[in-house]
2 protein chains.
Amino acid sequence: MRIGELSERTGTPRRLLRYYEEQGLILPERAANGYRDYAGYNVDRVVQIRGLLDAGLPTRIIKQILPCLDKPRAIYFPDATPEMIATLRGERERMDDRIRCLTRNRDAIGDYLDAVLAYDHAEAT
Amino acid sequence: MRIGELSERTGTPRRLLRYYEEQGLILPERAANGYRDYAGYNVDRVVQIRGLLDAGLPTRIIKQILPCLDKPRAIYFPDATPEMIATLRGERERMDDRIRCLTRNRDAIGDYLDAVLAYDHAEAT
DNA sequence: CTTGACCTTCACATTGATGTGAAGGTTTGA
DNA sequence: TCAAACCTTCACATCAATGTGAAGGTCAAG
């Protein structure tokens, strides 16, 4: 598919699809006329990228993480240098931290909303 | 405590403590000489702020969330406008999305690391 | 064969979170 | 009393992600 369709299907501005490519996160083919030609799996991939960006990860890190999501993954094993392994371990830790923080705050918001609801209900009677 | 101590105890540059204040996230008192004077609870608060920023939330949203974490919370109920409630509900949704995304990717990294470990182990024998 | 809807590259602007440092006031201890 | 170690405000710089738009090539339908 071309950039317009990928943009539609992922809700992502064309500008950013080109930016993600520049950062090495997606690698579209090129048609004879120079147009980018995206394989179907890029829809999921772009959604993943956006999700991770939204969760605070920079493109530099996302680039390291993406190969973990590709299946079959066996292809990448030889590339797995010790440094890369260490980086992934570290990032997994940081993601755990983020998850803990978000969960805590999400629950606190939930408790607050419940309390407000109960308060309003009591007021109304 | 003064800004230097808070900076030390939270691992946060002074510059950013002033920035968070400017954004309305913390409200230190002022000593007679003009120095900022932070109450002890600000240590936790700043850690919270940094965690949420790291998880991709902008200060504008964090400002809305912070009151949910204060106890006792009853004080804030009258301030809870319908718009605020709606905002909090929406943000809770977005935080859920982030948690799902991070969890999925963290698990994928874990699987990948396990697979690499198994692969290396097999190689070594 | 031209018009409209695509696509290309390129450049510049903006925004939010940060870094850096100047110029100057305050406090504490030698 | 002076130096070191704090603090203040203010201004300007940077970085990553994103917005905006110009100048121009491609292609399908009328």
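Within every chain, numbering begins at 1; the chains are lettered A, B, ... in the order of the sequence lines, protein sequences first and strands thereafter.
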- Evaluation steps, side-chain contact (heavy atoms from CB on, under 4.5 Å), between B:Arg50 and B:Leu16: CA-CA 10 Å; B:Arg50 304 220 91 203; B:Leu16 291 183; 3.0 Å; yes

- Rounded off to whole Å, could you give me the CE-to-C1' distance for the A:Met1 and C:dC7 pair? 16 Å

- Look at the side chain of A:Arg36 and decide which nucleotide, out of C:dT9, C:dA17, C:dC7, has an atom nearest to it. C:dT9

- Message: List the residues meeting side chain to side chain donor-acceptor pair (under 3.5 Å) with B:Arg94, not counting sequence neighbours, and say none if there are none.
- Response: A:Asp54

- Query: Counting only side-chain N and O atoms of A:Thr59, is one of them less than 4.0 Å from OP1 or OP2 of D:dA17?
  - Reply: yes

- Query: Which one, C:dC7, C:dT8, D:dT26, comes nearest to the side chain of A:Asn33?
  - Reply: D:dT26

- Of the nucleotides D:dA17, D:dC7, C:dT8, which one has an atom closest to the side chain of A:Ile3? C:dT8

- Message: Nearest whole Å is fine: how far is C:dT8 P from A:Arg2 CZ?
- Response: 9 Å

- So, does B:Asn105 use its side chain to make a donor-acceptor pair with the main chain of B:Cys101 at under 3.5 Å? yes

- Query: Just how far, in rounded Å, is P of D:dT26 from CG of A:Asp37?
  - Reply: 17 Å

- Length of the line joining B:Glu8:CD and D:dC7:C1', which is rounded to integer Å: 15 Å

- May I have the distance from A:Arg14 (atom CZ) to C:dC10 (atom P), rounded to whole angstrom? 19 Å

- Item | Polar side-chain atom of A:Arg60 near backbone of A:Gln23 as donor-acceptor pair, under 3.5 Å | no

- Message: Distance check needed: C:dT18 P versus B:Ile49 CD1, whole Å only.
- Response: 11 Å

- Task: Please step through side-chain contact (heavy atoms from CB on, under 4.5 Å) for the pair B:Arg2 and B:Leu6, ending with a clear verdict.
- Result: CA-CA 7 Å; B:Arg2 286 176 306 183; B:Leu6 184 59; over 6 Å; no

- Item | Backbone N/O of A:Ile3 and side chain of A:Ser7: donor-acceptor pair under 3.5 Å | no

- Note on the structure: Which of C:dT8, D:dA17, D:dC7 is nearest the side chain of A:Leu53? It is D:dA17

- Using atom CZ of B:Arg50 as one end and atom C1' of C:dA17 as the other, report the distance to the nearest whole Å. 10 Å

- Item | Value in whole Å for how far the P atom of D:dC15 lies from CZ of A:Arg60 | 13 Å

- Task: Would you mind reporting whether B:Glu21 and B:Arg36 have side-chain heavy atoms less than 4.5 Å apart?
- Result: yes

- Item | DNA chain D contacts among residues 15-26 of chain A, heavy-atom distance under 4.0 Å | A:Arg15, A:Leu16, A:Tyr19, A:Tyr20

